[in-house]
Amino acid sequence: MYFCRSNFIIMSQRIKIKALLESEQTDIQVLVKGWVRTFRNNQFIALNDGSTNGNLQVVVDFENTDPALLKRITTGAAISASGTLVASLGKGQKVELKASAIEVLGDCDPETYPIQPKKHSLEFLRENAHLRFRTNTFGAIFRVRNSLAFAIHQFFQERGFVYLHTPIITASDAEGAGETFHVTNFDLANPPKDDTGAVDFKEDFFGRPTNLTVSGQLEGELGAMALSDIYTFGPTFRAENSNTTRHLAEFWMIEPEMAFYDLNDNMDLAEALLKYVIKYALEKNVEDIEFLTQRLLDEEKQKPQQDRSEMTLIEKLQFCLNNDFERLTYTEAIDILKESTPNKKKKFQYPVEGWGTDLQSEHERYLVEKHFKKPVILTDYPKQIKAFYMRQNETDMNGNETVRAMDILFPGIGEIVGGSQREERLDKLEQRMDEMGIPKEELWWYLDTRRFGACPHAGFGLGFERLVLFVTGMGNIRDVIPFPRFPKNAEF
RNA sequence: UCCUGAGUAGCUCAGCCGGUUAGAGCAUCUGACUGUUAAUCAGAGGGUCGCUGGUUCGAGCCCAGCCUCAGGAGCCA
């Protein structure tokens with residue numbers, strides 16, 4: 001960080017390895033600190049400090065170094081090294097540090113340290129999630145995740161959106177977005193009961209049943225009805241017993257809500273956001289994405305030819321930037337699927353027959369990966385399979401009832417964004433809530449926005465981990481969040 | 001939750017039809033070498049075969065239940 005143009009370095013200041021590796025200067029005195037990746041030949045330390053995927057080679061003058069100190073330079077040990085940055089005498093790196101002093105800051109017993117200088121499976125590293133940051137793969141993933149998070153804020157801030165913090169604890173379970181985690185202060189072995197023998201939540205902390213939020217959308221809409229454009233970016237919780245590579249019990253979601261937006265504006269914004277943040281990561285995390293691209297190539301070498309992707313990770317990301325997402329209605333998608341080869345040859349597990357049922361993931365995958373071969377935005381889904389707050393379309397000439405919904409489908413991920421134009425007409429909204437059995441009394445505050453100065457508006461939810469999954473090319477969502485929460489697992 | 005597969009050394013795995021002392025590679029340790037890049041070479045240590053029960057003269061292997069993991073499905077973001 002203290003890299004001055006004048007070749008002058010403050011020796012007492014530690015320099016991050018990323019800055020050193022990018023440096024054009026040599027023959028300067030520097031101080032570095034980091035963790036040993038490998039120690040080869042009693043001479044060469046591959047040192048990493050997390051600032052970049054690359055290691056700095058620290059060369060030790062082993063003949064003039066205390067053997068007891070050399071023994072303590074083990075994989076995983078934290079060390080401090082100072083010396084001269086010189087052009088490397090060996091191949092494989094431009095510069096290296098000729099060490100004049102080395103201090104072991106934290107020893108690391110190689111007999112018991114789980115991370116060995118060898119390849120580890122992702123499953124093993126998941127069980128050692130507290131240490132997996134120290135691997136190349138997870139270093140790259142979490143630096144990319146960081147960039148994406150920053151880019152999301154930057155995108156919205158540049159457009160005048162207000163970052164709104166919606167509550168984590170809520171009393172409404174009305175949205176029906178999934179099973180909730182209960183929040184209570186009760187002694188679960190002995191909760192207070194009322195006259196009928198039911199648990200008496202009047203005695204609980206909030207005086208009513210509460211749960212962790214499944215979505216900040218409804219509260220987000222309240223903000224949009226005054227601030228015009230808001231976004232949330234926070235954790236959400238679903239107690240679904242989902243055991244897949246695409247679901248977590250705790251995940252982060254970005255939920256913008258925009259007043260005076262219709263569905264087209266909504267789609268434009270979502271597409272622009274995705275392209276913006278992918279572009280940002282591609283530019284900001286060049287080495288990380290190159291590393292992850294190579295990692296994916298190596299992984300795919302183990303698969304049979306037909307299961308390998310046609311594009312590398314970088315190519316996929318660039319392809320995403322350079323092409324408009326395909327936009328079509330649910331009804332058009334059903335027509336395509338009905339006429340598709342796999343449907344005619346009965347290759348689908350769930351044959352596509354009529355209008356009105358939800359698409360299975362095999363159908364979404366066909367549209368995205370085989371038919372269009374690019375991200376797809378599906379709109380105007382049947383009203384019966386979508387949430388109560390979505391704006392109802394006029395019944396079409398075939399008598400089909402649809403809502404102004406949109407889902408963005410990504411290759412390998414499936415649904416990454418789900419959104420809609422919201423129903424701003426009070427009578428329509430109330431009627432739909434009645435039909436779906438949603439308690440209007442509980443959502444009186446939500447309905448107030450339709451009573452007082454209602455206006456057309458829209459919004460969407462973007463699953464952050466699914467985005468990270470796509471940009472890193474990883475296959476399991478549990479590998480793109482630092483400490484995954486899923487059924488039967490809350491370690492760390 | 002359902003379907004399929006898996007659980008054997010620190011890690012990744014092999015282990016035949018149920019039969020003597022359970023193997024390999026990597027990692028670790030010891031020694032050699034000393035401009036290495038997954039260093040190399042020689043040697044050594046390392047096991048409650050997921051758990052519980054059952055069948056059998058005998059179980060890593062067969063059976064039942066449970067636990068955990070992976071992949072797929074559903075729910076979804």
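All chains are named by letter (A, B, ...) in the order of the sequence lines, taking the proteins before the strands, and each is independently numbered beginning at 1. All values below come from the heavy atoms of this structure, side chains included, with hydrogens, waters and symmetry mates left out.
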K.L.:
Ignoring hydrogens and geometry beyond distance, is a side-chain donor-acceptor pair present between A/Tyr231 and A/Arg159 at under 3.5 Å?
P.N.:
no
K.L.:
Specify the residue among A/Leu248 and A/Ser361 whose closest nucleotide of RNA chain B lies further upstream toward the 5′ end.
P.N.:
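Counting from the 5' end, the first nearest nucleotide belongs to A/Ser361.
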K.L.:
Could you give the distance separating B/G54 and B/A42 at their C1' atoms, to the nearest angstrom?
P.N.:
49 Å
K.L.:
Between the base of B/C75 and the side chain of A/Ser242, is there a donor-acceptor distance below 3.5 Å?
P.N.:
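Present.
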K.L.:
Mind checking whether A/His153 and A/Phe233 have ring centres under 6.0 Å apart?
P.N.:
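Between A/Phe233 and A/His153, which both carry aromatic rings, the centre distance is below 6.0 Å.
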K.L.:
Using the C1' atom as the reference point in each nucleotide, state the distance between B/A38 and B/G47 in Å, no decimals.
P.N.:
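27 Å, rounded to whole Å.
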K.L.:
Are A/Ser147 and A/Arg145 close enough that a side-chain donor and a side-chain acceptor fall under 3.5 Å?
P.N.:
no
K.L.:
Please confirm whether the shortest side-chain N or O distance from A/Arg246 to OP1 or OP2 of B/A73 is below 4.0 Å.
P.N.:
yes
K.L.:
In whole angstrom, give me the gap between the P atoms of B/C16 and B/A6.
P.N.:
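The same atom, P, in both gives a distance of 13 Å.
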K.L.:
Of the listed nucleotides (B/C69, B/G74, B/U68), which one gets closest to any side-chain atom of A/Gln360?
P.N.:
B/G74
K.L.:
Kindly confirm or rule out a cation-pi arrangement of A/Arg478 over A/Phe486, judged by NZ or CZ under 6.0 Å from the six-membered ring centre and within 45° of its axis?
P.N.:
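Geometry flag: set, cation within 6.0 Å and 45°.
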K.L.:
Run the side-chain contact (heavy atoms from CB on, under 4.5 Å) check on A/Val214 and A/Thr236 step by step: do they pass?
P.N.:
CA-CA 5 Å; A/Val214 293; A/Thr236 47; 5.8 Å; no
K.L.:
Return no unless some side-chain N or O of A/Thr245 is found under 4.0 Å from OP1 or OP2 of B/G72.
P.N.:
yes
K.L.:
Using distance alone, with no hydrogens and no angle criterion, decide if A/Glu221 and A/Tyr446 have a side-chain donor and acceptor under 3.5 Å apart.
P.N.:
yes
K.L.:
Which nucleotide in the set B/C11, B/A73, B/U68 lies at the smallest distance from any side-chain heavy atom of A/Tyr350?
P.N.:
B/A73
K.L.:
At less than 3.5 Å, do the side-chain atoms of A/His120 and the base atoms of B/C11 form a donor-acceptor pair?
P.N.:
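No, the side chain and the base share no sub-3.5 Å donor-acceptor pair.
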K.L.:
For each nucleotide in nucleotides 30-45 of chain B, reading 5' to 3', give B when a protein heavy atom comes within less than 4.0 Å of its base, S when such contact involves only the sugar-phosphate, and - otherwise.
P.N.:
S---BBBB-B------
K.L.:
Please determine whether any donor N or O and acceptor N or O are separated by less than 3.5 Å between the side chain of A/Arg478 and the base of B/C69.
P.N.:
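No, the side chain and the base share no sub-3.5 Å donor-acceptor pair.
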K.L.:
Hey, where does RNA chain B pair up into stems, meaning at least three consecutive Watson-Crick or G-U pairs with distances under 3.5 Å?
P.N.:
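Output for stems: B:1-7 with B:67-73, B:10-13 with B:23-26, B:28-32 with B:40-44, B:50-54 with B:62-66.
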K.L.:
Quick one: label A/Arg365 by what it contacts on the DNA or RNA (base, sugar-phosphate, nothing), any heavy atom closer than 4.0 Å.
P.N.:
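Sugar-phosphate, backbone atoms only, no base.
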K.L.:
Establish, with yes or no, whether the OP1 or OP2 oxygen of B/G72 is under 4.0 angstrom from a side-chain nitrogen or oxygen of A/Asn243.
P.N.:
no
K.L.:
With sugar-phosphate meaning primed atoms plus P, OP1 and OP2, does A/Phe460 contact a base, only sugar-phosphate, or nothing at under 4.0 Å between heavy atoms?
P.N.:
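No contact at all - A/Phe460 keeps every heavy atom at 4.0 Å or more from the nucleic acid.
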K.L.:
Determine whether the aromatic ring centres of A/Phe156 and A/Tyr276 lie less than 6.0 Å apart.
P.N.:
no
K.L.:
Suppose you measure atom P in B/U48 against the same atom in B/C11; what distance do you get, rounded to whole Å?
P.N.:
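Their P atoms lie roughly 12 Å apart.
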K.L.:
Hey, does A/Phe486 reach any base, or is it just sugar-phosphate, or nothing, if we go heavy atoms under 4.0 Å?
P.N.:
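It contacts sugar-phosphate atoms only.
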K.L.:
Quick one: label A/Leu462 by what it contacts on the DNA or RNA (base, sugar-phosphate, nothing), any heavy atom closer than 4.0 Å.
P.N.:
nothing
K.L.:
Compute the ring centroids of A/Phe319 and A/Phe372, then answer whether they are less than 6.0 Å apart.
P.N.:
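Distance test on ring centres: not under 6.0 Å, no.
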K.L.:
When the C1' atoms of B/U56 and B/G18 are compared, how many Å lie between them, rounded to an integer?
P.N.:
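Their C1' atoms lie roughly 9 Å apart.
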K.L.:
Against A/Phe133, only a single residue in A/Phe142, A/Phe492, A/Trp35 fulfils ring-ring contact (aromatic ring centres under 6.0 Å, His included); can you say which?
P.N.:
A/Phe142
K.L.:
Say we look at B/C13 and B/A9: how far apart would their P atoms be, to the nearest angstrom?
P.N.:
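So the two P atoms sit 11 Å from each other.
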K.L.:
Taking atom P in both B/G5 and B/G65, what distance in whole Å separates the two?
P.N.:
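Approximately 15 Å lies between the P atom of B/G5 and that of B/G65.
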K.L.:
Establish, with yes or no, whether the OP1 or OP2 oxygen of B/C76 is under 4.0 angstrom from a side-chain nitrogen or oxygen of A/Thr244.
P.N.:
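Answer no for this pair, as no side-chain N or O of A/Thr244 is under 4.0 Å from OP1 or OP2.
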